[in-house]
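Excluded from the calculations below are hydrogen atoms, water molecules and symmetry mates; all remaining heavy atoms, backbone and side chain alike, are included. Position 1 is the first residue of the sequence, and the numbers go up from there. When a ligand or atom number is given, it counts from 1 through the structure's own listing order. Keep in mind that what you see is a predicted model, and the values were worked out from it rather than measured.
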Amino acid sequence: MSGTPIGSDRYGDAPTTVLPRVPGAPRLDDKPHTMEVRNVHKTFGTFKVLQGLDLQFADDAITTVLGPSGTGKSVLIKHLVGLLEPDEGEVRVFDQDLWSLSEAERANIRKRMGVLFQDGALFGSMNIFDNTAFPLRKHTDKSEDEIYDIVLARCTEVGLERSLKKFPNEVSGGMRKRAGFARAMVLNPDIVFFDEPDSGLDPVRTSLLNDLILQMHAEHGGTYLLVTHDIRTARKVSDYVGLIWKGKVVHYGEAEEAFHSPDPFVRQFLAGDSAGPLGMD
Ligand SMILES: Nc1ncnc2c1ncn2[C@@H]1O[C@H](COP(=O)(O)OP(=O)(O)O)[C@@H](O)[C@H]1O
Ligand SMILES: [Mg+2]
C-alpha cells in the first residue's frame with residue numbers, strides 16, 4: 001500500500017471552517033481490489049450527487065458507507081451494480097472498468113453480485129420459495145431438485161424454512177428482508193450489497209438482521225457493502241466504515257478506528273450531533 005489511507009490526513013488539527021474538509025488527491029493502491037470507484041461524478045439535472053467519489057472496498061470484508069438521506073448511497077450501489085453510468089470517473093469491479101465492457105459482459109459481472117434492496121424488492125405474485133428460486137431459474141440451468149436444495153438451504157439460514165409457501169404480503173417486513181437476503185445469496189455471490197437493511201425495521205428485528213448478515217458473511221465470505229444512515233447497524237456489522245458527505249468520501253478506514261476517532265468531524269457525524277464542524281446545508 002502506498003501512502004496513508006484515505007482520510008487519515010483529517011486527524012490532528014481542528015477544522016477551521018463549517019464545511020468538512022475532504023481528502024485532497026485520492027490515494028489509491030495500485031493493487032487491484034474486488035471493487036472500487038475512482039473519482040466518480042454523477043449529476044441529476046443540476047444536482048451534483050456524487051462529486052468525485054473515491055473508495056476501495058476491502059476484499060472479503062464488510063464495509064459500511066454511512067451518509068444522511070439523499071447523499072447518494074443508493075446511487076453509489078446503482079453505479080457498482082452497473083445500473084447507472086458515471087458522468088466522469090471509473091467503477092471497477094473484478095479489476096475491470098464496468099463501462100468499458102459490453103452490456104453482456106456487465107450482465108455477467110452482475111450475476112456474481114447479490115443485492116438486498118431497501119424494500120426487499122420481492123415479486124408480490126410469487127411465494128417466498130419462487131422469489132428465492134427466481135435468480136436460479138433465470139440464470140442457471142439447474143434442475144428443480146437442485147434448485148429446491150439451494151433455496152431450502154438459503155431460506156433455512158435466514159429462518160424462513162417454514163414460510164416458503166407464504167406470499168410477501170402475508171409475512172412481516174423483517175421476513176421480507178430476510179427473503180430478499182436469501183434470494184441475494186442463491187447464486188453464491190462474490191459481492192453482496194445491502195441498501196439500508198435496517199430501514200422500516202424495529203430495533204430488535206434490525207439487530208436480528210444484522211446478526212444474520214454477520215453469520216452469512218462468516219459462513220460464505222465475500223465482499224459486502226452495506227449503506228445506511230443508522231450508526232448502530234454500522235457499529236454492529238462493519239469491518240470498514242466510509243462516511244460520505246456532499247458527494248465525497250470524508251472518512252474511510254477501519255470501523256474500530258472510526259468509532260474511536262478524535263476527529264471532531266467524524267465524531268459529530270457518528271454521534272449524529274447537530275452541533276459541531278458539520279454545516280447542515
Ligand atoms: N435516477 C434519478 N434521477 C434523478 N435524481 C435522482 C435519481 N436517483 C437519485 N436521484 C437523486 O439523487 C439524490 C441521492 O439519492 P439516493 O442515492 O437515493 O440517496 P440516499 O443516500 O438516501 O440513498 C437524491 O436527491 C435523489 O433524489
Ligand atoms: Mg437510498
Fill in: Under 3.5 Å side-chain donor-acceptor pair for Lys177 and Ser199
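Yes - a donor-acceptor pair under 3.5 Å links their side chains.
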
Worksheet item: Under the 4.0 Å line, does any protein heavy atom show up next to atom 27 (O) of ligand 1?
Response: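 No, no protein heavy atom sits under 4.0 Å from atom 27 (O) of ligand 1.
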
Fill in: Part of Val75 with heavy atoms under 4.0 Å of ligand 1, whether side chain, backbone, both or neither
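Both backbone and side chain.
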
Worksheet item: How about Glu256: does its CD atom have over 12 heavy atoms from other parts shown lying under 6.0 Å from it?
Response: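 No, the 6.0 Å shell around CD holds no more than 12 heavy atoms from other groups.
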
Distance to 0.1 Å, residue and atom name: give those for the protein heavy atom nearest to [atom].
{"atom": "atom 25 (O) of ligand 1", "result": "Phe47 CE2, 3.2 Å"}
{"atom": "atom 5 (N) of ligand 1", "result": "Phe44 CG, 3.3 Å"}
{"atom": "atom 12 (O) of ligand 1", "result": "Val49 CG2, 3.3 Å"}

Taking the side chain as every heavy atom from C-beta outward, state whether [X] and [Y] have any pair of such atoms under 4.5 Å apart.
{"X": "Arg137", "Y": "Glu144", "result": "yes"}
{"X": "Asp130", "Y": "Phe123", "result": "no"}
{"X": "Leu201", "Y": "Leu208", "result": "no"}

Discussion item. Given 3.5 Å as the limit, does a donor-acceptor pair link the side chain of Arg106 with the main chain of Leu98, or not?
Written reply: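 Side chain of Arg106 to backbone of Leu98: a pair is present.
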
Fill in: Numbered atoms of ligand 1 (with element) below 4.0 Å of Ser69, judged on heavy atoms
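Counting atoms of ligand 1 from 1, those under 4.0 Å from Ser69 are 22 (O).
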
Discussion item. Checking the N or O distance criterion of under 3.5 Å, is ligand 1 in contact with Lys78?
Written reply: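 Between Lys78 and ligand 1 (N or O atoms, distance only) the closest approach is not under 3.5 Å.
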
Worksheet item: Under 3.5 Å, N or O to N or O, is Thr71 touching ligand 1 that way?
Response: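 Thr71 vs ligand 1: N/O contact under 3.5 Å present.
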
Worksheet entry | Shortest heavy-atom approach to atom 14 (C) of ligand 1 - which of Pro68, Ser199, Gly70 |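 The nearest heavy atom belongs to Gly70.
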
Worksheet item: For atom 18 (O) of ligand 1, which of Gly247, Gly72, Gly45, Ser74 has the closest heavy atom?
Response: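 Heavy atom nearest to atom 18 (O) of ligand 1 belongs to Ser74.
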
Fill in: Passing option when Val37 is tested against Leu76, Val93, Val249 for side chain to side chain contact (heavy atoms under 4.5 Å, CB included)
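Testing each of Leu76, Val93, Val249 against Val37, the sole residue satisfying side chain to side chain contact (heavy atoms under 4.5 Å, CB included) is Leu76.
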
Worksheet entry | Passing option when Asp195 is tested against Ile77, Val115, Thr228, Leu225 for side chain to side chain contact (heavy atoms under 4.5 Å, CB included) |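 Between Asp195 and the candidates, side chain to side chain contact (heavy atoms under 4.5 Å, CB included) is satisfied uniquely by Ile77.
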
Worksheet entry | Heteroatom test (N, O or S) for Ser69 near the Mg ion (ligand 2), limit 2.8 Å |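 No - counting backbone and side chain alike, Ser69 has no N, O or S atom under 2.8 Å.
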
